[in-house]
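Comments concern the structure below.
Residue numbering restarts at 1 for every chain, and letters A, B, ... go by the order of the sequence lines.
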Amino acid sequence: MSGDLREAALVLADGTVFEGEAIGPPAATVGGEVVFNTAMTGYQEIITDPSYAGQIITFTYPHIGNYGVNGVDNEASRPFCRGVIVRDLARRHSSWRSSGDLATFMRASGIPGIAGVDTRRLTRHLRDSGAMPGAFGTADHTTLKQAAVDAESTDGCDLTAEVTCAEPYHRPAAADVESPFHVVAYDFGIKSTILRHLSKLARVEVVPASTSAADVLDRDPDGVFLSNGPGDPAAVTHAHQAIAGLIGRVPVFGICLGHQLLATALGTSTYKLPFGHHGGNHPVRRIETGGVEITSQNHNYAVADDVPTGVEITHVNLNDGVVEGIRSTEARAFSVQYHPEAGPGPHDAAYLFALFADLMTEGV
Amino acid sequence: MPKRTDIETILLIGSGPIVIGQACEFDYSGTQACRVLMEEGYRVVLANSNPATIMTDPEFADRTYLEPLDPDVLAAIIDRERPDAVLPTLGGQTALNLAMALVERGVVGEGGVPLIGASAEAIATAEDREKFKEAMVGIGLQLPSSGFAYTLAEAMDTVASVGLPAIIRPSYILGGGGTGIAATHEEFRVLAAEGLATSPISEILIEQSIAGWKEYELEVMRDTADNCVVVCSIENLDPMGVHTGDSITVAPAQTLSDVEYQTMRDDAFRVIRRVGVETGGSNIQFAVNPTDGRQVVIEMNPRVSRSSALASKATGFPIAKIAARLAVGYTLDEIPNDITAKTPACFEPTIDYVVTKVPRWAFEKFPGVSDRLGTRMQSVGEVMAIGRTFPESLQKALRSLEQGRLGLGCDPAEAELAALDDDEIVRAAATATPQRIFHLAEALRRGLGQSRLAAATGVDPWFLDQISIIVEERAHLAGLGIDGVDRRTWRRAKRLGFSDGQLAYLLGCTEGDVRAARLAAGVAATFKTVDTCAAEFEAHTPYLYSTYEDDDEVPASDGKKIVILGSGPNRIGQGIEFDYCCVHASFALADAGYETIMVNCNPETVSTDYDTSDRLYFEPLTLEDVQNVLDAEQPDGIIVSLGGQTPLKLAAALPEGLVLGTSPASIDVAEDRQRWNELCDRLGLRQPAGDTATTVERAIEIAEDVGYPVLVRPSYVLGGRAMEIVYNAADLSRAMKELAHFGAGETAGSLGREGGLSAERPVLVDRFLEDAIEVDVDAVRDATGEVFIGGVMEHVEEAGVHSGDSACAIPPPTLGHATIELLEEQTGALAAALDVRGLLNVQFAVRRDPGGHDEVFVIEANPRASRTVPFVAKATGVPLAKLAARIMVGATLAELRTEGLLRPKATGHVSVKEAVLPFGRFPESDTLLGPEMRSTGEVMGIDTTFGLAFAKTQISAANPLPRSGSVFLSLADRDKPAGLRAARRFAEMGFDLVATSGTADYLIDHGLGVATVVAKLGEDTGSDAVELISGGKVDLVVNTPRGRGPRADGAHIRRAANLANVPCLTTVAAATAAAGGMDEWFNSPLRVRSLQEYHHQSQLTMEL
Ligand SMILES: Nc1ncnc2c1ncn2[C@@H]1O[C@H](COP(=O)(O)OP(=O)(O)O)[C@@H](O)[C@H]1O
Ligand SMILES: Nc1ncnc2c1ncn2[C@@H]1O[C@H](COP(=O)(O)OP(=O)(O)O)[C@@H](O)[C@H]1O
Ligand SMILES: [Mg+2]
Ligand SMILES: [Mg+2]
């Protein structure tokens, strides 16, 4: 049992220490913003979600790695998160879908982690003090503390450059789609599941985050999609301009960071939530129908509710009233803060992709 | 949508007695529902025949009908109360089936009182397996291939196309009743016939067996706005083929990837929408092929279920409460989440711990019954444990069972497995039995290979590896001495759920040493909160569990704190009655301004609702775990006398001075044979003559001294465990040998594990009082010495039938005034001598000599809550348990009288309690009642006469007495005179009499006509008893054998009756009561009255 355990610790910027054991590739110090995710399934999707760039993910569910990893559940070609904090990493996994175990995957993709941590204590701490920088590894506590203090928070950081594609690329429409739309998708850190959904209604051209409005319009799309992604929406200024140049001219649909960027372009501000929404169980009311959908969420920033005239709030979070969706009929644009594509999470809001198709149909 | 204002009165149907497959969970759900509906301002009318429930407390409804759950009776209640709606989804399968029967009559549903919660059509779609299959195929979901049959001939045809092995699954059943997997045509024929007989609509599904696939359940809720949420996912450790109720189950699902889980979730929503359950909770079961992930739907229960109780406790999401609100029109988003206070109930709980449920069985009570588990549920109770990891929660659950196990092995009981060689161990693990989990651990310990075991058992490799982690840690620890254990090692072991007892066993020291050493190393239990949200929001309900982590979440408080120790898992002999008492204590103490802290591990109960006490600790009731709670809470007192034997056992080891009520020393006087005898002598109370023996010779000496028959039994057991009545020296030596050899060889039973025979555990040999009337007295005494007699209950069956298995009545139907006074006096004397503070139960045997003079013997006294406390409270309107709780914290009866808690006893009616026995589940068992208790639950009947009240209990106990037909009598000689009187009554009512030859001669000699004479076993003239009974020619059997022991004659008759579902009475007393009851019942109008009316005389006379 005891075998070759490598003792490690996590130290937060405020000095709080958590003991554990190192997992994944060896690492003396790994710094980043520490956040938590409350989903009980979907660790592979979460670890590979580019929106976690710069962050260290704490899983609140204690057993992680139970069903291994496989070739299809990745949300990006590689993980962008800095590290992973778990209570228990499965020693043996079991699933007909799996092609390997999580520990090996972490080693192969260079994502270190720490296990054995009282993740509930950590989560309560983050809940009460807000997401904060931290560092973990096999180094001594003083070194870790320093690394934590040095680790930058995501405030004011444009992290999209780190995760976006270098060159535009095509994602063909699914074979069974008759007369697909043509969608240009901004890659601010786009998840594969989103692409899979889009490809069920369109052939998709994925373009780098820095692409200008003119460039996009030259491609003559039926609609533009604004993807999820990491970091502070206020810092992604080039996108604000590009989006401003697109709205009104072509239907726009945004998710997560894409939602925040659309809102900004429409004249709303964004702010940072104390510890964000990260999980698969957030209830969101769709104001139009009154119905509630259970949603997958992953964001630290949110859109303020003082939206300008012409923009309406379409969805709100039932837990804390945070704006979850907006629409501008005039601008033919809408967006949601949460993840209707799931990956991981519930499928309740998948209808939003159909709404995008409707919007593009009207536009024809 | 806000709540409905077009309804005023709601009839809620309860689930009746505790039976296998339907236990306390429906008291929990019903209580929650009643509370919520009352809070919402509805007039609540409740029907439930089970007096031991909290929901039938008169405060929980406006009108409480402790009446039989029978369509006629329900129709009468509806007629009287004119409800605007009937809510059938919170009372288990019983309520659902009853609602459907009422729909058929047009009383409920279209044209009658509307159903809320689920429509008749939805119920039919879910419960009628053919309709369900059609519906599922319609929405494109997969099911195993199958066909239907309504007759045996059709069944044989169907199986030809489905193929073997096949499972038989009847419609509208509960707990897998009538199901079974057949591998051969012979097995199939038998199982199909049983299945057809079990289904109320005589419909069976014959389905391809997918035993070995993984089994899952989702608990889903839906509201009128079509919002759907999954409250909890549950994964069974035991694969398909073992009923979920008999499986070790784990929440949340452990081995499903998100892609698979979300598919299952989508399917579950499609199922609930298609079936049409508009509001409330449903349980949907799936099976998954481990090799390719193919998912199939197994069934859906359109109601709150055992699993919903588990899911509620596992997540903190109160399904029943919310289901009740949804039923009256609210939507999920309008209901607040109590735990976070600021978020709505429209969400999906997420948890940051692992929950394990382990069932508890009672096979030792049913000799001859195989302990193989299958698709029919056989467990009588369950425990749940919460840990941060699966190993921790599994080990906590195993020690919660109170079956002498300290966890997953590492205890003296594991020695048994040493006798099995490697192949035997693997074979044992491949067979589902209560011991399987231990077999798995042993096989892994021996290094027999996870792959081999996975293949042999169908248990998922992830679970096997988790068990291996425990087993490997064990090997590591066993190599250390206590001094070699450092902080990290202590912490790792405790985090894997090892109890101090297991560690002591492994390290070769005492439990105390382990505790001291690990505390010194800084490894102490920490308590975490169950909060529905994995700490995302602050929790406002202190619902806690222990684990070994960094920090502790026990909120500070400065109130006066009282810890109430609960009663653990339901088992035969200790069931819901004790939970009732604990809950009452909690309510009474809260009313009196105390802060109440409940400790229990039974997920079915009201006591483990986070709403019941100020704080809830979901913990095993072992000394170690209780000690941890005491350390964390520093309470002002502990109540140990309301949860049955479980907490009482701990009393002596708990900190002195903290135990409230009767002192542990007095408890010991009542338990210690020697001191008890001395006390009785001193008080001049007569006892059956007897003594203790550790050898056969000594036993025979005693028997010769006191005279045969004698009653032999081991000391320190509950529920009449292994008790036997013997009539001669030969039987006595055999009985003594069996007792001495418990635990070794063939007769090894659980008793062996409980400890063999020794000077500390002698055998008690007592004169058996034949033909004595047994009487139970429940009383309360306060510190001033005042004694309040709660109730004197005269048993219907004579002494020798365990008090828990016999019917009894208040007021006593045959005892004279003088005798009752004497019993009360003796009870008072005992209470004073034991310095009782709180409850005392005394059992007496009363022997009536030919001159009509009564002789009184004391059988035993228990200075704690007894099984009859709730019955007495319901019969008299006096809340005994509440009084006791208050007395334990210093109140006097006089004060409680002034306060109004103690009010005069309600009189003017007769209350009868009847036991409910699980023989239907154990067809091979003998139904003869005896000193070993075997009932799982009880029912109550109230009416103006004993006969009517008794008849009601027989209907409630699903033992309905026939209106006409024939009565089969086979009586022991000593019962013939009394039996004649009963027989005459049956004849007068127009029944044909059937009798075995001896009984027939006696009846004919006394002028009765006997239509059919049956040959005794071994005789070849006359009809065959078994043929008559199984051929449906007999409507009631009265069979009293010569002795009352495991070898009593007439077993074939009783077995045939059991198999054919013919009511069978095994005492003349019961036959007499039945004859009288039937006569009155069939000749008087049906009359139903609520408890509130019975308790308030004036109201009663007004409405009579
Ligand atoms: N096709 C099948 N093959 C093998 N086992 C089955 C099959 N269908 C059901 N079972 C087993 O039978 C048990 C009882 O069946 P179920 O319909 O759930 O009864 P109940 O309605 O009483 O819960 C299930 O828990 C499952 O283990
Ligand atoms: N001496 C006796 N004569 C006749 N019946 C007895 C005698 N002692 C006990 N019994 C019967 O045995 C039953 C069980 O005995 P009891 O002492 O109450 O055991 P337990 O404490 O296990 O419930 C009693 O309810 C009573 O019917
Ligand atoms: Mg079932
Ligand atoms: Mg069912």
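Only the side chain of A:Arg97 comes within contact range of chain B, with heavy atoms under 4.5 Å apart. With a threshold of 4.5 angstrom between heavy atoms, A:Val117 approaches chain B through N, CA, C or O but not through any side-chain atom. Both the backbone and the side chain of B:Ser468 come within contact range of chain A, with heavy atoms under 4.5 Å apart. Only the side chain of A:Arg87 comes within contact range of chain B, judged by heavy atoms closer than 4.5 Å. Of the atoms belonging to A:Asn319, heavy atoms from both backbone and side chain fall under 4.5 Å from chain B. A:Phe59 does not touch chain B: none of its heavy atoms, backbone or side chain, sits under 4.5 Å away. Heavy atoms of A:Tyr43 lying under 4.5 Å from chain B are absent altogether. Interface remark: B:Thr291 contributes backbone atoms only to the contact with chain A (heavy atom separation under 4.5 Å).
By the 4.5 Å heavy-atom criterion applied to side chains, B:Glu260 and A:Thr41 are not counted as neighbours. Residues B:Asp551 and A:His125 form no side-chain contact, since every pair of their non-hydrogen atoms from C-beta on lies 4.5 Å or further apart. You'll find the side chain of B:Arg388 reaches within 4.5 Å of the side chain of A:Asp118, heavy atoms only. In this structure the side chain of B:Glu549 never reaches within 4.5 angstrom of the side chain of A:Thr119, judged on heavy atoms. Side-chain contact check for A:His63 versus B:Trp462: some heavy-atom pair is nearer than 4.5 Å. Counting only heavy atoms from C-beta outward, the side chains of A:Asp348 and B:Cys228 never approach each other to under 4.5 Å. No side-chain heavy atom of A:Glu293 sits less than 4.5 Å from a side-chain heavy atom of B:Asn227. Under the 4.5 Å side-chain criterion, counting only non-hydrogen atoms from C-beta, B:Gln466 is not in contact with A:Arg92.
A donor-acceptor contact shorter than 3.5 Å is absent between the side chain of B:Glu348 and the backbone of A:Asn281.
When only modelled atom types and interatomic distance are considered, A:Thr60 and B:Asp352 share no side-chain donor-acceptor pair under 3.5 Å. No donor-acceptor contact under 3.5 angstrom links the side chains of A:Asn66 and B:Thr255, judged on distance only. If you check the side chains of B:Glu536 and A:His282, you find a donor sitting under 3.5 Å from an acceptor.
Ranked by heavy-atom pairs shorter than 4.5 Å toward chain A, the options B:Gly293, B:Ala454, B:Ala475 are led by B:Gly293. Per-residue heavy-atom pair counts under 4.5 Å with chain A were compared for B:Val354, B:Asp223, B:Val259, B:Val230, and the maximum is reached by B:Val259. Taking chain B as the reference chain and counting heavy-atom pairs below 4.5 Å, the highest number among A:Gly291, A:Pro62, A:Gly343, A:Gly116 is found for A:Pro62. The residue among B:Ala225, B:Pro461, B:Pro290 with the most heavy atom pairs within less than 4.5 Å of chain A is B:Pro461. Your options are A:Leu126, A:Asp73, A:Val284, A:Val292, and the one with the most heavy-atom pairs under 4.5 Å with chain B is A:Val292. Considering only heavy-atom pairs separated by less than 4.5 Å from chain A, the leading option among B:Tyr353, B:Phe537, B:Tyr261 is B:Phe537. Of the listed residues (A:Thr123, A:Thr295, A:Val72), the greatest number of heavy-atom pairs within a distance under 4.5 Å of chain B belongs to A:Thr123. With chain A as partner, the option from B:Leu256, B:Leu332, B:Asp226 having the largest number of non-hydrogen pairs under 4.5 angstrom is B:Leu256. The greatest number of non-hydrogen atom pairs below 4.5 Å with chain A, out of B:Asp460, B:Asp266, B:Thr526, is found for B:Asp266.
A salt bridge links A:Arg91 with B:Glu472: at least one charged nitrogen is closer than 4.0 Å to a carboxylate oxygen. A:Asp88 and B:Arg495 are not joined by a salt bridge, as no carboxylate oxygen comes within less than 4.0 angstrom of a charged side-chain nitrogen.
If you take NZ on B:Lys528 and CZ on A:Arg120, they are separated by 6.5 Å, rounding to the nearest 0.5 Å. Distance check: A:Trp96 CH2 to B:Asp292 CG gives 6.5 Å after rounding to the nearest 0.5 Å. Here the CG-CZ distance, from B:Asp333 to A:Arg285, works out to 4.0 Å after rounding to the nearest 0.5 Å. The line from OH of A:Tyr61 to OG1 of B:Thr350 is 9.5 Å long, rounded to the nearest 0.5 Å. We find the CD-CZ distance between B:Glu538 and A:Arg124 to be 8.0 Å, quoted to the nearest 0.5 Å.
The shortest non-hydrogen separation linking A:Pro283 to B:Cys346 is CB-O, 2.8 Å. The nearest pair of heavy atoms linking B:Pro252 to A:Met40 is CG-SD, 3.7 Å.
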Would B:Arg265 and A:His347 satisfy side chain to side chain contact (heavy atoms under 4.5 Å, CB included), going step by step from the backbone distance to the final call?
CA-CA 9 Å; B:Arg265 181 180 178 274; A:His347 301 157; 5.5 Å; no
Using salt bridge (Lys or Arg N to Asp or Glu O under 4.0 Å), reason through A:Glu19 and B:Arg488 one step at a time and then give a plain yes or no.
CA-CA 11 Å; A:Glu19 55 170 297; B:Arg488 277 203 165 242; 3.3 Å; yes
Working note: A:Phe18 + B:Asp550, criterion side chain to side chain contact (heavy atoms under 4.5 Å, CB included); need CA distance, chi angles, decisive distance, verdict.
CA-CA 8 Å; A:Phe18 297 82; B:Asp550 297 350; 4.0 Å; yes
